K.L.:
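Handing you this structure, nothing more for now.
The chains referred to below are lettered A, B, ... by the order of the sequence lines, with proteins before strands, and numbering in each begins at 1. Bear in mind the structure is a predicted one, so any value in this text is a computation, not a measurement. Both backbone and side-chain heavy atoms feed into the values below; hydrogens, waters and symmetry mates do not.
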Amino acid sequence: MNFLPSRELKKGSAELLILALVEDRARHGYDIGKLIEQRSNGAIKFAVASLYPLLYRLEKRGWIEGRWTEKAGQRRRRLYKLTPEGRKVLAAQRGGWMEFARAISAIAGVQR
Amino acid sequence: MAHEWRADLSSRLASLGLKPEREAEIIEELSQHLDDQVLELVTSGAHPADARAQALAELDQAGVLAARLAAIESRSPYSLPPPGAPSRGRWFSDRWLDIRQSARGLRRTPAFTATVVLTMALTIGPTTAMLSIGNWLLWHPVSSVPHADRLGIAWFGKWDDDGNGVSPSAVSPLNLRDLLAASRTLTALTGFQESTANLALEGQSPQRVATAAVDAAYFDVLNVPIRVGRTFRPEEDLLPHGAHVTVLADGAARRLFGSVENAVGKTVLINNLPMAVIGVAPPAFVGVTPISYVSAWYPGATSKYLRHIATIPDTATRQTRTFSQFIMTRADGATFADVQAELDVLAPALAERYPDDNPQFKTDVRARVFPGLGASPLSRPGYQRMVNRLVWIGFALLVLGCANLANLLASRAVRREAEYAVRRALGARHTRLLQLQLTESCLLTIAGAAIGVLLASVLVPLILSLVMPARMALTGVAFTVPIDARILAATLGLSVICGLVAGLVPVWLSRRAELRGGLSHGGTRHTDGRSMIQSGLASVQLALSLALVVCALLMVGTINRLDAADRGFDLDGVTAHYFNLSSEGIKGPRATAVLRELTDGLARDSRVRAVSLSFTYPLGFGSSQRVVPRDPAEGASLLNVESNYVSAGYFSTLGLRTISGRVFTADETRSDGSMDGAPVVISAAMAARYFGAEPPVGQIVTLPADAIQPTRALRVIGVVSDVTMDVMDGTPAPSMYVPFGTAGATATSAPILLVKSTLSTDAAVALVRDIVSRIDTTISVSGNQSLRAQAELQESERRAFAWILSLLGTLAFVLAAVGLYGLLSQIISQRKRELGIRIAIGATSPQVLGSVLRSALRIAIPGAAAGVVLAAVGASLLGTAIWGLSPYDPVTYAAAIASLVVVVLVSAIVPARAATRISPVEVLRGD
């Protein structure tokens with residue numbers, strides 16, 4: 001059975017996912033959305049109405065930084081990359097989620 | 001392939017009102033996204049038009065794009081700091097964020113929020129009200145008096161052995177001058193005497209009001225800034241004749257002249273004598289005591305003029321004196337004890353120096369010093385007792401409220417363990433959680449305090465009208481007692497501390513708790529220590545509630561017994577009316593004629609059954625007479641008996657039964673002959689005390705000689721039933737009744753008129769006033785009340801405490817029930833698994849109910865036991881307020897415990913029924 005994460009779980013993990021995806025290289029919004037869908041095997045999908053407000057919020061907090069890039073014959077694209085502050089937040093959230101996941105699985109595992 | 005998405009996107013962003021450049025950026029970025037999406041769809045085989053339509057549809061499926069962008073793009077800096085986010089370093093905006101988050105959380109739990117806020121309000125409000133009243137009654141300072149701590153009252157007179165009664169003795173200004181000259185501890189003695197008088201304008205009916213004769217320096221010593229006009233000059237207060245001038249109170253000036261400015265320069269009639277208005281006092285000033293409510297002040301030297309004393313010598317000697325009470329100003333560095341000690345020496349020294357003029361100081365007249373202004377010195381012990389009771393009740397309510405508050409907040413904190421665990425797991429710092437909890441507690445406190453202050457402002461006049469109805473009835477003025485800021489701060493501070501501790505301690509303790517533990521047990525773990533504390537708090541609440549209810553029942557029982565007690569005279573259908581003819585210049589034969597016309601006029605009315613005149617009456621002041629004992633074995637000691645000058649109708653008006661002989665005829669009481677040889681009617685108690693087994697009728701009662709009169713022999717003509725003046729004392733005092741006419745001016749100057757009729761009180765008062773006005777329009781009638789109402793007024797303090805305790809006891813039970821309900825609900829939640837398993841293996845509903853009720857009893861029984869002990873302590877504090885039953889009356893205690901049991905059962909029934917509905921399947925599935 002495929003596990004479909006609840007809306008609450010998605011809400012709680014969305015920022016972590018985005019920060020993680022732009023950790024290594026700058027990406028644009030469509031790319032970020034597609035990567036999340038692909039790497040979760042379709043379990044997590046972000047609609048445009050969810051993804052871009054989230055990106056703008058992260059940018060406003062100073063955790064990611066957007067810049068326009070231009071290629072000849074194409075529209076401008078806005079690429080997002082992680083800022084140093086964003087790196088710290090990512091590390092903190094990553095640690096928290098790992099501990100949370102361990103605790104959940106520990107409980108579920110004991111009582112099986 | 002690129003499609004122009006601008007129009008589609010613009011329409012979706014139009015409501016945001018973005019700056020053009022920002023809107024352009026968003027449109028460009030979203031356009032690129034849509035292009036990529038369409039490309040992907042077309043690549044996978046979709047028609048371009050379909051692909052575009054699909055992309056647009058996905059763009060705004062729920063129409064939420066604009067809403068979400070609005071939250072981001074608006075200039076609100078307030079967004080929740082997510083877990084792990086470092087502080088942005090903006091203290092005020094972060095606090096505002098905390099406030100909004102806390103308020104949101106409290107709105108989501110309206111029942112809890114309302115309960116906590118109300119608990120706090122009900123704790124702060126009544127406690128603040130009662131302590132403010134107590135403080136005001138005892139220590140009300142006259143407004144704007146500098147160095148008020150140096151002021152007090154010096155009262156000269158012959159003091160009773162217990163210090164609770166005094167026969168005032170006035171001191172002449174010449175004596176005062178000498179006292180002050182010799183004193184090192186006093187800098188001033190400013191005389192004042194508060195009394196009542198008739199006040200009217202020419203042609204108007206007079207009204208009986210409170211007035212005060214004062215020294216010229218009175219307003220200056222009290223630093224009272226006169227509102228309009230001026231105060232007295234020293235030359236206006238020189239004995240033997242003072243100036244005919246008066247300063248009116250603000251209320252009196254407005255009532256008589258419409259405005260304070262109109263009053264100055266006008267003439268008023270005080271006791272039917274013209275007095276020029278020279279000034280108006282400020283609105284806040286009502287006299288030396290908080291309940292004076294003086295309407296007019298006049299110079300002390302004018303007192304004799306206002307009492308219509310015909311002959312006033314033209315020179316003042318040491319015998320010419322006005323005041324017995326003085327506002328004393330002690331010198332810097334001297335204590336009130338120093339002042340007392342000094343006066344005890346200086347006053348007798350005056351007697352040594354002027355023995356002929358001051359013999360009283362050598363024998364039994366002394367000055368007593370009372371620190372501070374405020375309540376009248378003789379009233380202070382009574383007020384102190386009342387205040388002590390109010391303080392104890394307030395304290396009990398404060399403890400009870402704080403216990404309830406602590407229990408409510410602690411229960412909530414336990415339920416939020418899981419939430420704290422998750423937040424910390426997601427990176428929320430411990431200090432952050434503490435800040436949030438602190439903010440929540442502060443919001444609750446502010447809301448509770450605001451309502452508490454409103455409640456206090458409503459309760460103060462209500463409680464005051466209960467504990468002091470007599471004075472309010474007399475003046476017809478509502479007192480305004482300010483809520484004491486220090487008391488409010490203290491009750492608020494205690495409640496806040498309690499709330500903060502109860503709310504923050506669980507958060508503080510959770511900082512070391514493991515995440516696993518918090519998540520696995522969140523909301524359900526119930527450590528032994530915490531359980532005991534919460535159960536203990538619930539027991540404390542029950543104990544205090546029980547104590548309050550027991551005290552309330554004891555007071556209610558006292559009132560019922562007092563109402564039922566036989567006083568020996570009729571209370572219903574009888575009204576009392578007071579005149580002061582001498583103060584209106586009506587004396588001698590004129591006074592006698594007026595009174596005869598009045599009683600005859602009333603007797604002609606068919607609705608009037610009986611009328612009487614008397615010097616006093618059972619609910620009035622006491623009047624005693626010494627008689628010579630018949631039995632030489634009693635030695636030379638004179639016997640003290642209650643005595644009264646009465647008219648013939650007195651006995652039938654009050655319903656006194658004639659036991660033997662007869663009562664007075666009308667002629668006997670109207671005769672103004674000497675008392676020697678006059679008939680006398682005695683009470684059964686006096687007959688037994690004075691004559692023993694001998695029939696009293698025809699025997700002689702001998703009054704001893706005194707400075708004015710020789711020995712008098714009175715002939716007993718009848719014996720009537722006893723009157724109990726002090727119901728609580730129980731034993732009727734021996735009493736004798738002497739014909740009204742033999743008293744002369746003593747009786748006619750200020751008689752009491754008693755009217756027995758079929759009329760209501762208001763109708764009887766109207767009838768009396770109508771007849772009086774037809775006789776003489778300048779005579780005022782005051783103190784008009786039914787005897788029943790007066791008797792209840794005398795017990796007003798007890799009634800007030802019965803009422804207050806009943807209300808607070810009920811309130812306490814409600815608070816305790818709420819606390820117990822919350823605690824039991826929490827216990828059941830924690831025992832859900834256990835109860836589910838028990839139900840699964842066959843436990844019936846009654847067995848589950850029983851289990852829950854046993855939990856309730858484990859809390860209630862210690863509470864009841866402690867409550868009984870507290871109730872006994874509280875009853876002993878009530879002391880003499882309880883009458884007719886023991887402070888440890890078993891029936892009363894049993895009734896209160898039965899009420900407690902009902903409260904416990906009511907609190908437990910809902911959680912108990914919820915426990916019986918636990919589904920074992922759900923409980924086990926949750927494992």
K.L.:
Counting heavy-atom pairs under 4.5 Å to chain B, which of A:G33, A:A91, A:G66, A:S50 comes out on top?
P.N.:
A:S50
K.L.:
Between B:E29 and A:Y56, do the side chains contain an N or O donor and an N or O acceptor separated by less than 3.5 Å?
P.N.:
yes
K.L.:
I'd like to check A:H28 versus B:D36 (side-chain heavy atoms, cut-off strictly below 4.5 Å). Are they in contact?
P.N.:
yes
K.L.:
For A:R67, look at atom CZ and say whether over 12 heavy atoms of other residues, nucleotides or ligands are found less than 6.0 Å away.
P.N.:
no
K.L.:
Once you round to the nearest 0.5 Å, how far does CG of B:L30 lie from OH of A:Y30?
P.N.:
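Rounded to the nearest 0.5 Å, the CG-OH separation comes out at 13.5 Å.
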K.L.:
By a 4.5 Å heavy-atom criterion (distance strictly below it), what part of B:I26 contacts chain A: side chain, backbone, both, or neither?
P.N.:
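Both backbone and side chain of B:I26 come within 4.5 Å of chain A.
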K.L.:
Could you tell me whether B:E40 and A:K34 have a side-chain N and a carboxylate O separated by less than 4.0 Å?
P.N.:
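Salt bridge between B:E40 and A:K34, a charged N being under 4.0 Å from a carboxylate O: yes.
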K.L.:
Do B:D35 and A:R77 sit within salt-bridge range, that is, some charged N less than 4.0 Å from a carboxylate O?
P.N.:
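Salt bridge: no.
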K.L.:
I want to check something: taking the side chain as every heavy atom from C-beta on, are B:R68 and A:Y52 in contact at a cut-off of under 4.5 Å?
P.N.:
no
